[in-house]
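Chain letters run A, B, ... following the sequence lines, proteins first and then strands; every chain starts at 1. Because the structure is predicted, anything quoted here is derived from the model rather than measured.
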Amino acid sequence: MTDTVTTPSPSDATAPAHRYNADLAAVIEQRWQQRWEREGTFEAPNPAGPMAEPDKVAGRPKLYVLDMFPYPSGSGLHVGHPLGYIATDVFGRFKRMTGYNVLHALGYDAFGLPAEQYAVQTGTHPRVTTEANIANMRRQLGRLGLAHDPRRSVATTDLEFYKWTQWIFLQVYNSWYDEALQKARPIAELIAAYESGDRLTPTRAAWSSLSQSEQDALVDGLRLAYISQAPVNWCPGLGTVLANEEVTADGRSERGNYPVHKRNLRQWMMRITAYSERLIADLDRLSWPEPIKLMQRNWIGRSEGAKVRFALAGSTDEVEVFTTRPDTLFGATYLVLAPEHPLLDTLVPGAWPAADLPASWTGGAATPGEAVAAYQRLASSKSDVERQVDSRDKTGVFTGAYAVNPVDGRALPVFAADYVLMGYGTGAIMAVPAEDERDYAFAEAFSLPVIRTVAPPADFTGGAYTGVGPAINSGFLDGYTMPETKRLMTEWLVERGLGEATVTFKLRDWLFSRQRYWGEPFPIVYDENNRALALPDHMLPVELPDVDDYSPKTFAPDDFTSAPEPPLGRAQDWVNVTLDLGDGPKPYRRETNTMPQWAGSCWYELRYLDPTNTERFVDADVERYWMGPTSETHIGGVDLYVGGAEHAVLHLLYSRFWHKVLFDLGHVSSGEPFHGLVNQGYIQAAAFLDARGIHVPADQVEERDGRFLYEGEPVTREYGKMGKSLKNAVTPDDMFAEYGADTLRIYEMSMGPLEVSRPWETRAVVGSYRFLQRVWRMVVDEETGAVRVSDDAPSDELNRLLHKTIDGVRTDFADLKFNTSVAKLIELTNAVTKTGAPAPRVVAEAVVLMLAPLAPHTAEELWSRLGHPQTLTYQAFPVADAALLVEDTVTCVVQVGGKVRDRIEVPVGISEAELLDLALATPGAQRAVEGQSIRTTIVRPPRLVNIVLV
RNA sequence: GCGAGAGUGGCGGAAUGGCAGACGCGCUGGACUUAGGAUCCAGUGUCUUCGGACGUGAGGGUUCAAGUCCCUCCUCUCGCACCA
């Protein structure tokens, strides 16, 4: 393709001296960026604190517009990265011109795997590479002229930032979730309740009678941040454990694509599950795209159902199952426990209950104990990938035990099978093959009975029937509908103490520790008894120590016997400390895990508000001003948050959780972090593959007669995300050199709707460039550089178009429809050009002001040349004259049989009868009707007449 | 398999149920030029007997009127994937 960037030809002898080109754009852009910085043009006033400017806050509406902040990666930006930043900038600039106090800033998400991996690759300390990367990104983004408040650009790696990340961690750690009040409360209140007896210990023993470790165990078991020994995602290739959200569906790490295996490890967890109900319910109060809400709902996975307890034959033990279909209890023909279910240790009898059991049930083992143990070994050896591949083939083994169906006393064989997951519900199910496809498949494989309890429709062909229908074979439930049977059966169970209605969630607690160097240290130490202790606030921050060897300890990707080794464990001088935690100086060991990258991004939007505050993470008044609820029904949060959809169940879920904890503890007034959300699309680009299927540099591919050639050889085209791996990246620096930043901004905004992904095409950028050249020429004489607008009033026609454009552009900006706003401005500019006369000043000034959010440097320059010394940042955006939006005459379409046959210019106030007469008389209508009889006419004055023939 | 979204010229894309293709790229022709890969102007859905006919993934339907609403199907993208 001829996407190669060519150098402009400023030395062109014949080009006018004052034409708008890349060189002139560069001069203008630099001039205005320096002036904006010098004058602090985009510094947003706070209502309180060091950035307080009460007189600027008073009487103005506010807008908090936010971008998902970037990782400062080493490879620099391509033109896809700034799409969202430009969009929020245009919106923010527009809102400033309509009187809003706008907060817009950009920081850096600088901890985490990418930064660390880059540092390891280059053999340089992550702090050095991170700072260099941030500097490079600041330079690239700086050239775009984004209207950010530079004072608020924080990085998560700043000591003054992660001090507060650690502080928030301690807030979470020192909290528990009060189920009765449905909110987080300080741990101190829990202990006080135990001490006073207001809250009973599980064993009903007096609090004071418990030992220190018993008290710790009880309290730690309720903390919102806690240490657990549980199966977690261990990734030897990365040398760290990962959260569920960071593992792909085929059991690999999202970063690096290494295999991940479940392993029992001692790790920090966050009790996000406590908030499941509120995280689902409050989605309804957010202005988010429905697909993202749906993804969160699905991820949290709320299911209403019942717990049912089955007695085990010949035992006092019972099996508790969760089911969403208590109505089908009469159809339960067996039970299944997950292979990891603890009851398997006790319920398995010493011998098979019968001699003639099928081999599929026993697995050929001599005793149930052997059979179950063998199956457990098999199941635990399976990786998630294998479990995935085998997902349709049902495997399992009979435990030798029987349970009793409480509704009719039937004996139900109890199986262990890996299609039941320990982590969901109770890790045990009642199997109803007639009404569940998985149970049906298992029943087929193990020759288990099928009892239908829901009458299927006549055309039903067999297998499991999961639809609705009247109950059959169900004793006292027969004939009732499904909702009724669910309710009646649950009531029946509750009356007999056999079960109760319950709600279950798919969401699991959040694995919060990583075996990495480049992250926030935990503000936790361990005493000689290995008791975890939170550091007091005044000991924060716990500074990340400088070490020589910061690389992670990684292993062969499939070496699942390996165990994580945090790099900080090697910094023994740092790990072993003597501290006075209130009872005199004592030796302690520091926690050597670090926090995941998500930690900083869980609250950075709060720090932008008050970045220099040393007393609090954010001043309460400042937070309330920018993010507080604006009405009874408004829950609060950032007004507009723009970023990619890939964070739907990661960052956007974690940050909601932290924010709700802060809200419960009274630290913020907003109940949600992000009230408005828009997902921008990705910029894709053509990539080219040679005969071997290897990507070749896209900028060196030529197009000839519809075929693509690289070094003379044919290559095939595909489309993908822009980037290094597809060798199709186009950098903003190239665009700055060729056209200037304003052209790039206009082009990115005009390509299509913000939410939609679209392919980049370098050769199309010139269209935006030409548009800016035309606007420039409208104000500046290309030959002399003199301003060439006239003081004449615009023609009536032009004036009407101007006001129509103002009206449309305003609406489009407000709705983030930047592509159509650009089109409208081009139309108006072309109309002015077409008159051939100098532009009337009122029109030129309005065009410049409307252009300002999109192409701020060019607009500022023209505004200044038009004689306005002040920046136009706070100049009022043009307002349409409503009187001019109503036209005197309009074009009326004359249809015959729904097809357009003619057009007539008519006054807007024309009557139905008059319009119909005019329409019938048109040549087009005459021709089309021609002797045929008219059945009816539809007249919609003044725009349409439809003549319907018989 | 389940869920969500999308299919409009050569390309990116516009169209409160009421003139399909705004605007841009590309292409064609012209102007200015030593030159054009600069800039400007004009044209550009397909077919046409110049009346018009056809045209928004396919097929039905509702309507005076459908890109838009309803039904069936096809294709693509994204998300989830034994969650009982």
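The side chain of Asn830(A) contributes an N or O atom lying less than 4.0 Å from OP1 or OP2 of rG24(B). Residue Lys817(A) places at least one side-chain N or O under 4.0 Å from the OP1 or OP2 atom of rA15(B). For the OP1/OP2 pair of rC80(B) and a distance below 4.0 Å, the side-chain nitrogens and oxygens of Arg297(A) include no atom meeting the criterion. The phosphate of rA84(B) (OP1 or OP2) has a side-chain N or O of Ser303(A) nearer than 4.0 angstrom. Contact between the side-chain N/O atoms of Lys293(A) and the OP1/OP2 oxygens of rA4(B) is not found at any separation under 4.0 Å. Close to rG24(B), at under 4.0 Å from its OP1 or OP2, lies no side-chain N or O of Tyr747(A).
Map Gly301(A) and Thr833(A) each onto its nearest nucleotide of RNA chain B; the residue landing nearer the 5' end is Thr833(A).
Between atom CZ of residue Arg508(A) and atom OG1 of residue Thr273(A) there is a gap of 10.5 Å, rounded to the nearest 0.5 Å. In this structure, OG1 in Thr743(A) is found 4.5 Å from OH in Tyr20(A), a value given to the nearest 0.5 Å.
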Tabulate below the donor-acceptor pairs under 3.5 Å that side-chain atoms of residues 420-430 of chain A make, not counting sequence neighbours, or state none.
| unit_1 | atom_1 | unit_2 | atom_2 | d |
| --- | --- | --- | --- | --- |
| Tyr424(A) | OH | Ser303(A) | OG | 3.4 |
| Thr426(A) | OG1 | Glu320(A) | O | 2.7 |
| Thr426(A) | OG1 | Ala428(A) | N | 3.4 |
| Thr426(A) | OG1 | Ala428(A) | O | 3.3 |

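Taking atom P in both rG26(B) and rU33(B), one finds a spacing of 24 Å when rounded to whole Å. Spacing between rG79(B) and rC73(B) at atom C1', rounded to whole Å, works out to 23 Å. Only the C1' atoms considered, rG61(B) is 34 Å distant from rC11(B), to the nearest whole Å. Across rG9(B) and rG5(B), the matching P atoms stand 23 Å from one another, rounded to whole Å. As rounded to the nearest Å, rG21(B) and rG55(B) have P atoms that lie 16 Å from one another. Separating the P atom of rA66(B) from that of rC23(B) is a span of 26 Å, rounded to the nearest Å. For the P atoms, the distance from rG12(B) to rG3(B) is 30 Å, rounded to whole Å. The separation of rC70(B) from rA22(B), taken at their P atoms, amounts to 27 Å, rounded to a whole angstrom.
For the ring pair (Phe, Tyr, Trp, His ring centres under 6.0 Å) test, no residue two or more places apart in sequence or in another chain qualifies with Tyr682(A). Evaluation of the ring pair (Phe, Tyr, Trp, His ring centres under 6.0 Å) rule for His341(A) yields no partner, not counting sequence neighbours. In this structure, Phe322(A) has no ring pair (Phe, Tyr, Trp, His ring centres under 6.0 Å) partners at least two apart in sequence or on a different chain. Checked against ring pair (Phe, Tyr, Trp, His ring centres under 6.0 Å), Phe310(A) has no partners two or more places apart in sequence or in another chain.
Taking a pair as Watson-Crick or G-U with both hydrogen-bonding distances under 3.5 Å, the stems of three or more pairs touching RNA chain B are B:1-7 with B:74-80, B:10-12 with B:23-25, B:26-31 with B:39-44, B:45-47 with B:52-54, B:57-61 with B:69-73.
Tested against Phe415(A) for a side chain to side chain contact (heavy atoms under 4.5 Å, CB included), the candidates Leu337(A), Leu335(A), Leu448(A) yield a single pass: Leu448(A).
The distance from atom CD of Glu748(A) to atom C1' of rG24(B) is 15 Å, rounded to the nearest whole Å. What separates OH of Tyr769(A) from P of rU39(B) is a distance of 7 Å, to the nearest Å. Straight-line distance from the CD atom of Gln773(A) to the C1' atom of rU39(B): 7 Å, rounded to whole Å. Distance CZ (Phe818(A)) to C1' (rG24(B)): 18 Å, rounded to an integer number of Å. Rounded to an integer number of Å, the gap from CG of Leu754(A) to C1' of rA14(B) is 17 Å. If you measure from atom CD of Glu738(A) to atom C1' of rA38(B), you get 11 Å, rounded to the nearest angstrom. Between the NZ atom of Lys506(A) and the P atom of rG3(B) there is a distance of 13 Å, given to the nearest Å.
Using a 90° window around 0 for the glycosidic torsion, rG60(B) falls outside it and is classed as anti. Glycosidic conformation of rG9(B): syn, with the torsion inside 90° of 0.
Checked by atom type and distance alone, the side chain of Asn233(A) never pairs as donor or acceptor with a backbone atom of Val260(A) at under 3.5 Å. No donor-acceptor pair closer than 3.5 Å links the side chain of Asn728(A) to the backbone N or O of Ala698(A).
Across all strands shown, Asn819(A) has heavy atoms under 4.0 Å from sugar-phosphate atoms exclusively, and none from any base. The residue Ser750(A) sits apart from the nucleic acid: no heavy atom pair falls under 4.0 Å.
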Considering only nitrogen or oxygen atoms on both sides, find all protein atoms under 3.5 Å from nucleotides 25-32 of chain B and state each distance.
| unit_1 | atom_1 | unit_2 | atom_2 | d |
| --- | --- | --- | --- | --- |
| rC25(B) | OP1 | Arg770(A) | NH1 | 2.6 |

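Residue pairs meeting the salt bridge (charged side-chain N to carboxylate O under 4.0 Å, His left out) criterion with at least one partner in residues 809-824 of chain A, sequence neighbours excluded, are Asp812(A)-Lys824(A). Within the structure, salt bridge (charged side-chain N to carboxylate O under 4.0 Å, His left out) pairs that include any residue of residues 771-783 of chain A comprise Arg19(A)-Glu782(A), Arg777(A)-Glu782(A) (at least two apart or interchain). Applying the side-chain hydrogen bond (donor to acceptor under 3.5 Å, both in side chains) test to every pair with at least one member in residues 890-902 of chain A, sequence neighbours left out, gives these pairs: Thr891(A)-Glu905(A).
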Fill in: Reading 5' to 3' through nucleotides 44-52 of chain B, protein heavy-atom contacts under 4.0 Å coded B for base, S for sugar-phosphate only, - for none
-------SS
Item to complete: Report, as a single string ordered 5' to 3', how protein heavy atoms within less than 4.0 Å touch nucleotides 59-68 of chain B: B base, S sugar-phosphate only, - not at all.
Response: -----BS---
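The base of rC23(B) has none of its N or O atoms less than 3.5 Å from a complementary donor or acceptor on the side chain of Lys824(A).
Environment of NZ in Lys293(A): crowded, with over 12 heavy atoms of neighbouring residues, nucleotides or ligands closer than 6.0 Å.
Both tests pass for Lys394(A) against the ring of Tyr419(A): distance under 6.0 Å to the centre and angle within 45° of the axis.
Listed nucleotides: rA84(B), rG12(B), rA4(B). Nearest to the side chain of Leu294(A): rA4(B). Set against rA15(B), rA84(B), rU39(B), the side chain of Asp436(A) has rA84(B) as its closest nucleotide. Listed candidates were rC82(B), rG79(B), rA84(B). Nearest to the side chain of Met295(A) is rG79(B). Side-chain proximity of Val900(A) to rC80(B), rG13(B), rC19(B): nearest is rC19(B).
Between Tyr747(A) and Trp760(A), the angle of the ring planes goes over 60°, which puts this pair in the perpendicular group of the 30/60° scheme. The aromatic rings of His647(A) and His651(A) lie perpendicular to each other, with more than 60° between the two planes, well past the 30° mark.
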